[in-house]
Trainee: 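Encoded as structure tokens, here's the structure I'll be asking about.
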Amino acid sequence: MRESVRVDAETPILEAERVSLRFGGVRALTDVSFAVRRGEIFSIIGPNGAGKTSMVNCVSGRYRPTEGRILFEGRDITRMPTRRRAALGIGRTFQNLALFGHMTVLDNIMVGRHHLLRSGFLRGMVYWLGGAQREEIAHRREVEEIIDFLEIQHVRKAVAGQLPYGLRKRVELARAVALRPKLILLDEPMAGMNLEEKEDMARYILDLNEEWGMTVLMIEHDMGVVMDISQRVMVLDFGRKIAEGPPEAVLADEHVKRAYLGEADEAVSEPEEAVA
Amino acid sequence: QPIPVGHLMDNSGATSDVGVPYGQGVADALAWVNATRNGVNGRRLNVLGFDYGYQAPRAVAQYQAWVNRERVVAIQGWGTADTEALVRFVTRDRIPYISASYSAALTDAAGRSGRQGVEAAPFNFFYGPSYSDALRGMLQWAKQDWERRGQQGRPRYVHMGANHPYPNSPKEAGETLARELGFEVLPAIQFALTPGDYTAQCLTLRNQGAHYAYLGNTAGSNISVLRACQTAGVQVQFLGNVWGMDENAMKAAGTAANGVVFPVRTAVVWGQDAPGMQTVRQISRQSDQAGTAYRPVHYLAGVCSAMLMVEAMETAAQNGGEVSGPRIRDGFYARQNWVPRGLEGVCVPVTYTADDHRGTMRVALYRAVVTGDTAQGSVADLMRAGTMRIEPVATIELERRRDWLGW
Amino acid sequence: MELGFFLQLLLNGLIVGALYGVVAMSFVLIYKASQVVNFAQGEFLLVGAWVCWWLLTAWQLPFWAGFLVTLAFMTAFGVILQVVVLRPLIGEPVISVIMVTIGLSIFFQALMKWMFGVFAQPFPSIFAADQVRVLGLEVQSVYLLSLAISVAIMLGFWWFFTYSKHGLAMRATAFDQQVAASLGVSVPRVFAMSWAISAVVSAVAGVVVGVVNGVSSALSFYGIKVFPAVILGGLDSIVGAVLGGLIVGVLENVAQWLDAEVLNWGNMYQIAPFYALILILLIKPYGLFGTEAIERV
Amino acid sequence: MAVMTPAGDYRTTYREDMTIFPTLGSRVALWAGIALLCLAPLVLDRYLLHLLINIGFLGIAALGLNILVGFTGQISIGHAAFFGFGAFASAWLHDVLHVPVALAIPLAGLMTAMVGLVFGAPAARLKGLYLAIATLAAQFILEDFFARAQWFTGGVAGRVTEPFGLFGIAFDRDETYFYVVLAFVVVMFLGAANLMRTRDGRALVAVRDHYLSAEMMGINLAYYRTLSFGIASFYAGIGGALYAHYLLFVSVEAFNILFSIQFLGMVIIGGLGSVMGSLMGAAFMVLLPEVVQGLANLLAGSPIDRALRLGASISYLREMVIGAAIILFLMFEPDGLAHRWRLIKAYWKLYPYSH
Amino acid sequence: MSATAPDAAAAPPSGAPRPAAAEPLLAVNNIEVVYNDVILVLRGLSLAVPQGEIVALLGANGAGKSTTLKAISGLLRTEEGEVTRGDIRFAGERIDGAEPHEIVRKGIFQVMEGRRIVADMTPVENLRLGAFTRSDAEVRRDIEMVFEYFPRLKERTGLAGYLSGGEQQMLAIGRALMARPKLILMDEPSMGLSPLLVKEVFGIIRRLNRELGITILLVEQNARMALSVAGYGYVMEQGKVVLDGTAEQLANNEDVKEFYLGGHGAERKSFRNLKSYKRRKRWL
Ligand SMILES: Nc1ncnc2c1ncn2[C@@H]1O[C@H](COP(=O)(O)OP(=O)(O)OP(=O)(O)O)[C@@H](O)[C@H]1O
Ligand SMILES: Nc1ncnc2c1ncn2[C@@H]1O[C@H](COP(=O)(O)OP(=O)(O)OP(=O)(O)O)[C@@H](O)[C@H]1O
Ligand SMILES: [Mg+2]
Ligand SMILES: [Mg+2]
């Protein structure tokens with residue numbers, strides 16, 4: 001299951017071609033094109049309301065772009081129903097947690113296995129007879145592996161809605177991982193975490209990328225994290241792409257500095273400093 | 001050892017407006033029998049009352065409880081839907097079932113009518129003319145009325161009521177006879193068993209140009225129609241069924257009820273005099289110590305119905321006989337032109353035979369007369385003051401036609 | 001003749017529909033404040049009508065006095081109901097609260113029967129002229145009065161929700177009680193207010209219907225009848241509720257016309273609004289005017 | 001942390017970890033309970049059996065509604081109509097098509113499921129209370145159908161049907177019919193419990209909790225929303241069919257809006273999303289009127305009776321008490337019986353360290 | 001206490017009064033909070049917020065920071081939580097057990113975690129709601145003030161539910177300003193904001209404190225930022241205060257540096273090279 005995939009510069013796993021998205025008068029995205037290479041960690045940054053989440057929503061199917069195309073592994077998925085994208089290999093987490101609040105952590109993660117499970121309700125009802133039990137146990141094993149990896153063993157049976165914020169984010173990640181996606185979309189995975197937890201999260205993301213072979217598309221406001229773990233960065237502002245490239249270069253861009261980072265301040269981890 | 005008797009009532013359902021006084025009449029009569037005659041042949045009646053809210057399934061469930069657990073020997077029943085549903089059960093269990101449903105389908109005791117859907121109902125009885133016969137009587141009166149008033153052309157007749165076994169029961173019989181008598185029969189008009197706004201129905205009535213309209217529901221919803229029709233200015237002669245009009249309804253409908261013609265099952269109404277009224281007043285004191293309550297027509301009918309059963313039981317108990325279902329039934333056949341003891345001049349004479357349970361073919365028609373505001377004052381006051389009156393109109397003696405048996 | 005008949009039915013539909021609209025509004029009010037669907041709305045009509053009837057007959061009050069006392073009583077009734085029954089349920093799942101309103105409905109239905117009996121009772125006449133002629137149709141004067149009251153109530157509601165601070169607080173409470181509380185809104189007070197207003201407005205409708213048809217437990221059926229009205233308009237729209245009411249009223253009457261003229265089925269009158277309801281929901285899942293739920297991730 | 005597993009919990013395989021009844025104690029209790037119920041007809045009187053039978057078939061139908069409301073989050077105020085459809089279907093299959101009752105009951109369940117799917121498919125687009133009220137419309141439309149479809153239902157007069165029979169034995173008395181209902185209850189409840197711990201069951205709950213993210217997990221919303229209608233109707237149909245062959249009479253009057261509301265009451269009082277809660281809720285709704293009646297009987301003849309004229313108004317008082325009981329219950333236990341049950345269990349498990 | 005905290009105030013984690021100003025505006029004394037009658041979350045927590053100060057409350061996920069704020073603002077009772085021991089005093093008056101709306105009227109306003117704006121209202125309506133407890137005529141002017149702080153919000157006239165995450169956060173803070181409270185409890189105000197806005201928000205917090213004299217209790221994961229604006233700080237672990245001191249003291253504490261600020265001294269560790277080891281060091 002864990003395979004290593006090196007960044008493959010030639011074949012993009014995800015391509016967005018001139019994507020535009022409008023809500024009535026609001027232009028959430030205008031003419032955005034980019035490509036995510038197989039095996040890389042790709043970050044989208046930008047001011048609040050720039051359209052980052054909207055872009056991810058277009059990829060995961062929540063929104064249909066008003067114009068433009070989105071290709072996944074060379075295949076046009078612009079109009080594909082949301083639910084079919086899971087089987088295709090696109091998993092995601094959400095900016096505002098979207099767990100199944102009344103289910104246990106274990107069940108939440110098992111829902112991630114939905115498209116991999118075969119037994120429908122009839123076989124489910126006769127649990128012991130139709131092979132549902134066998135299947136459940138087999139998948140439970142894989143889910144436990146994810147649980148171990150994300151270190152949430154102790155809350156396995158807890159109700160997801162009552163967990164503290166940081167753990168919920170981790171459960172959400174586990175659920176997305178359980179889909180066994182090729183591309184995982186992370187919408188602000190570090191928000192609301194303290195340094196230590198951010199470090200943990202960074203480690204998980206790196207492991208997912210390097211050991212589990214997942215391509216990562218991440219939205220994040222913590223520049224330290226973005227700098228350190230992503231290979232390439234795209235910057236959106238007012239729905240338009242204003243820069244793309246390796247993090248150092250992008251963050252040095254004047255336009256980006258002005259629109260996004262603001263003046264230097266002793267209290268933020270300054271990217272320039274870190275690079276230097 | 002007491003005799004268990006079931007008493008099914010509607011005190012809270014769609015027909016509770018008439019169910020309450022009728023049920024009270026039955027209950028008072030049976031209580032009176034216990035109090036003054038020490039029950040039947042020295043055995044007290046253990047009356048098991050149940051308010052089934054006019055829901056046939058609940059009646060059936062209660063019936064099964066009574067038969068299986070309490071082993072009742074006879075039942076005082078209520079509605080058409082439940083009584084008809086229980087026909088098969090009471091026939092099987094041989095339990096006389098005296099209903100307040102006057103559905104003609106219950107009169108074919110031997111199942112000889114050969115009509116489709118009508119099965120033998122050897123254990124079903126009721127007191128008074130069947131719905132169908134009462135309607136037949138009213139139609140014959142309507143025919144005379146039409147001619148007497150010197151009207152031209154064919155009178156138009158329409159059946160009104162809910163889509164429910166009780167209003168439906170005489171529909172076919174009425175429409176058939178109306179055609180025979182030369183009426184033009186209009187498409188039936190539906191309205192629910194609950195009070196409501198029936199202006200639309202009245203406008204339809206007017207638009208159709210009906211002359212005679214049968215009101216198949218109980219008083220509560222009929223008065224809504226009457227009031228709506230009064231407002232809409234509809235001039236129709238309404239024909240109520242036995243449950244369709246009474247003193248309470250006249251009070252509620254006010255002048256809108258004026259002129260409605262309807263059958264009354266007893267020979268007198270409250271406040272009139274007859275030898276048996278003495279007894280009725282005693283019975284009434286069972287639930288009204290002061291003796292001031294006004295008892296509507298349904299109360300009297302309930303008394304008669306209960307007392308018929310009591311006498312049939314007494315007949316069964318004669319000579320040390322067992323008070324069992326089949327013997328009680330035979331008790332109903334024991335007399336001709338039968339008026340329960342002490343109720344002379346109140347209950348009309350009835351005769352039941354083993355293959356014909358049409359107790360009477362006499363239809364006594366009365367007219368509701370309301371001359372003023374009925375909002376203030378009790379029914380008793382209004383009747384006493386003459387603001388509301390129930391006036392005899394005609395008594396139609398129907399032929400006991402064999403081909404009318406069972407529908 | 002035919003056209004006249006149709007027009008009369010239409011007019012009747014509008015008049016009755018306005019009443020539905022009023023009840024629907026008071027229903028929407030509670031929904032807007034608490035997301036609770038009030039199954040006891042019909043019983044509010046019932047209680048109001050019986051109380052007014054009792055004041056007029058047993059106490060011989062003149063109509064206007066009796067009516068005002070009824071409204072005062074209903075205000076208290078709404079508040080007490082809220083304090084005794086609904087306040088402890090604040091913060092509990094909405095569905096449980098909905099179930100409680102069902103319990104209330106059962107309770108008051110029976111209580112009214114117990115206190116006032118099962119017979120329909122007539123109201124004393126109120127106006128010198130019981131009816132007036134409109135478009136060739138005799139219309140109860142009370143209906144016209146109710147029409148005027150309805151319009152006034154509707155305007156009041158519209159202002160309340162658009163401009164008043166309390167209307168805003170009510171909407172916030174409906175959206176999220178915790179948030180509302182954190183903003184300094186007294187959630188219990190908002191609920192008490194909405195229940196009281198709703199009870200009063202329903203009682204107005206109850207009295208009007210009572211005057212026309214007599215008071216009986218069947219009045220509570222209005223509580224069910226407004227469902228199609230409310231949904232047609234959209235659960236959270238005051239304007240929608242009024243329009244929905246009118247539509248249902250007209251629909252009933254048109255259905256009766258169709259029934260009488262062509263179908264002869266008999267009960268289109270009762271069932272037609274529900275068919276219409278399903279049809280409209282298929283086309284517009286949030287009713288004609290309801291706001292769509294916000295779905296963002 | 002919020003997890004509470006009792007001490008002495010030594011489960012070593014996933015299989016053991018995934019049973020419906022996680023502790024030995026609960027398993028033993030289950031089997032003992034079923035065994036006791038099997039003995040019930042030998043010891044209980046008919047009245048109690050009658051109540052148990054009612055709890056049984058109502059519980060099955062309530063479970064169906066709980067799958068719809070509690071698990072999938074789709075409120076339905078039309079459940080009684082589906083219950084009724086099952087009852088009519090079974091009576092029709094038996095009386096008109098002469099299908100043996102033992103077969104007619106499951107077939108009726110399937111027919112009802114079909115009808116449920118027909119109503120459920122468009123309903124999949126509706127949310128929350130809009131759906132609830134669309135089901136209310138379904139309730140009235142189906143009621144109208146029952147009153148009209150003479151060929152199927154016997155029209156407004158209803159249909160008298162026959163008792164359950166198998167291998168020539170008639171299960172026509174409380175003592176015997178009890179076993180029929182018990183068998184159905186066990187099978188249907190196990191089915192539901194199993195469903196809930198497998199793929200489609202989880203999908204249903206996921207749709208309830210967060211349908212947007214469920215969709216992105218690859219869950220077909222329309223399918224599951226419709227499916228849950230189908231399953232709910234199936235359960236309702238089975239419950240209704242069992243009712244039909246118990247009462248031996250089916251009529252449109254029984255399946256009214258009030259009955260639908262009672263079903264809703266059962267699942268809410270029992271506990272939304274709880275399998276066993278459905279049975280508890282059904283028991284509550286069946287026993288409540290009986291208890292009230294019992295109280296009234298106790299009071300009969302006493303001064304209170306005379307003062308309030310209980311005798312004449314018993315039916316109103318009964319209704320009032322039922323209404324009040326529902327209100328009070330929800331005021332003190334808004335999450336239902338199943339929730340209280342869980343808390344009690346948790347309390348005993350952690351005793352004496354319940355804080 | 002396993003970690004050495006030489007320069008932290010040596011107060012025991014619970015009980016004894018703090019060596020803060022004579023009468024703090026807000027004093028939380030040794031409270032215990034229980035959810036659902038069974039889950040004990042706060043175990044004898046005490047803290048004090050002096051008038052006119054900014055106090056930071058730091059701690060890991062699940063330490064009970066939000067619970068503490070909810071206990072103060074009374075919102076706990078909307079979540080089946082309860083203060084079972086200890087007391088909370090605001091300006092000398094006990095407020096534990098009071099209704100949330102009463103507490104707001106006393107001048108305590110909480111900016112809840114996760115924004116919690118009213119999605120089906122416009123931003124302006126949300127702001128008007130913030131001013132619900134006020135009845136003066138300056139509401140309109142204050143709305144303009146908020147728009148001045150967050151110009152982006154002014155352009156958004158649709159429903160607030162459609163705002164981006166960061167925009168909603170701005171709205172939530174703006175709403176608090178509208179209430180003109182004496183004390184604002186802020187639960188992770190910087191969550192989901194871009195670096196530029198984070199700086200702006202902290203600038204605004206500082207301005208609120210300096211210009212309007214509003215006292216602020218700040219829960220933040222961005223410890224560096226929080227300590228840069230705060231005068232005093234507390235560190236929580238598992239429902240208790242394990243460390244407190246002036247912002248300076250805390251910023252120089254080795255453990256705080258390591259777990260909350262990142263790296264010793266000014267050097268920032270890279271997120272890339274953490275994977276080799278795991279630390280789970282705690283004060284408890
Ligand atoms: N469904 C929608 N309807 C209307 N407007 C929308 C909708 N979704 C997003 N928007 C608007 O589109 C713009 C971009 O929103 P988006 O959520 O993509 O921003 P973002 O870059 O993720 O910002 P943040 O960092 O604050 O989360 C915002 O102005 C938002 O108001
Ligand atoms: N409503 C609730 N019911 C039960 N337990 C709860 C509830 N809310 C919080 N908890 C529990 O209380 C503990 C503290 O939660 P709290 O939200 O206060 O933490 P926090 O310090 O704010 O964490 P974070 O940084 O993740 O926001 C957690 O273990 C959580 O599971
Ligand atoms: Mg975003
Ligand atoms: Mg928190």
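All chains are named by letter (A, B, ...) in the order of the sequence lines, taking the proteins before the strands, and each is independently numbered beginning at 1. Computed from a predicted model, the values in this text were never measured in an experiment.
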Trainee: Mind ranking B:Arg88, B:Met9, B:Arg69 by heavy-atom pairs under 4.5 Å with chain D and telling me who comes out on top?
Mentor: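 Top option by heavy-atom pairs under 4.5 Å: B:Arg69.
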Trainee: What part of D:Arg173 is in contact with chain B, defined as an atom under 4.5 angstrom from a non-hydrogen atom: side chain, backbone, both or neither?
Mentor: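 Neither part; nothing is under 4.5 Å.
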Trainee: Checking side-chain polar atoms at under 3.5 Å, does B:Asp28 have a donor or acceptor matched by the opposite partner on B:Tyr299?
Mentor: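 B:Tyr299 and B:Asp28 do have a side-chain donor-acceptor pair below 3.5 Å.
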Trainee: Compute whether any side-chain donor of one residue and acceptor of the other, for B:Asp10 and B:Tyr52, lie under 3.5 angstrom apart.
Mentor: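 B:Tyr52 and B:Asp10 do not have a side-chain donor-acceptor pair below 3.5 Å.
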Trainee: Determine whether B:Tyr214 and B:Met160 satisfy the following criterion, side-chain contact (heavy atoms from CB on, under 4.5 Å), listing intermediate values before the conclusion.
Mentor: CA-CA 6 Å; B:Tyr214 175 71; B:Met160 296 178 75; over 6 Å; no
Trainee: How long is the straight-line distance from OG of B:Ser378 back to CG of B:Asn248, given to the nearest 0.5 Å?
Mentor: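 Going from CG on B:Asn248 over to OG on B:Ser378, the span is 10.5 Å.
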Trainee: Do you see a donor-acceptor pair shorter than 3.5 Å between the side chains of B:Thr80 and B:Ser101?
Mentor: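 Yes, side-chain donor-acceptor contact under 3.5 Å.
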Trainee: Looking only at heavy atoms, which of residues 59-68 of chain B get nearer than 4.5 Å to chain D?
Mentor: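 Listed by number, the contacting residues are B:Val60, B:Ala61, B:Gln64, B:Asn68.
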Trainee: Please verify the inter-ring angle class for D:Phe263 with D:Phe259; under 30° counts as parallel, over 60° as perpendicular, anything in between as tilted.
Mentor: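 Answer is tilted, since the angle falls between 30° and 60°.
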Trainee: Do B:His298 and B:Asp246 meet the criterion of a side-chain donor-acceptor pair at a distance under 3.5 Å?
Mentor: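 Distance-only check passes for B:His298 and B:Asp246.
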Trainee: With no hydrogens and no angle check, do the side chains of B:Trp407 and B:Ser169 hold a donor and an acceptor under 3.5 Å apart?
Mentor: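 Note: B:Trp407 and B:Ser169 side chains miss the donor-acceptor criterion.
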Trainee: Would you tell me whether B:Tyr166 and B:Asn241 have side-chain atoms, one donor and one acceptor, within less than 3.5 Å of each other?
Mentor: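 Indeed, the side chains of B:Tyr166 and B:Asn241 share at least one donor-acceptor pair under 3.5 Å.
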Trainee: With a 4.5 Å cut-off on heavy-atom pairs, point out which of B:Ala85, B:Ala27, B:Gly23, B:Ala81 contacts chain D the most.
Mentor: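 When all of B:Ala85, B:Ala27, B:Gly23, B:Ala81 are compared, B:Ala85 has the most.
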Trainee: Under a plain distance cut-off of 3.5 Å, with no hydrogens placed, do B:Ser305 and B:Gln76 share a side-chain donor-acceptor pair?
Mentor: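 A pair is found: one side chain offers a donor N or O, the other an acceptor, under 3.5 Å apart.
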Trainee: Going by heavy atoms in the side chains, are B:Leu193 and B:Tyr54 under 4.5 Å from each other?
Mentor: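 Answer yes - side chains close enough.
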Trainee: So which bits of residues 244-256 of chain D come within less than 4.5 Å of chain B, counting non-hydrogen atoms only?
Mentor: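 Those residues of residues 244-256 of chain D which have a heavy atom under 4.5 Å from chain B are D:Tyr246, D:Leu247, D:Leu248, D:Phe249, D:Ser251, D:Glu253, D:Ala254, D:Asn256.
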Trainee: Where on B:Asp82 is there a heavy atom nearer than 4.5 Å to chain D: the side chain, the backbone, both, or neither?
Mentor: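 Answer is neither: B:Asp82 stays 4.5 Å or more from chain D.
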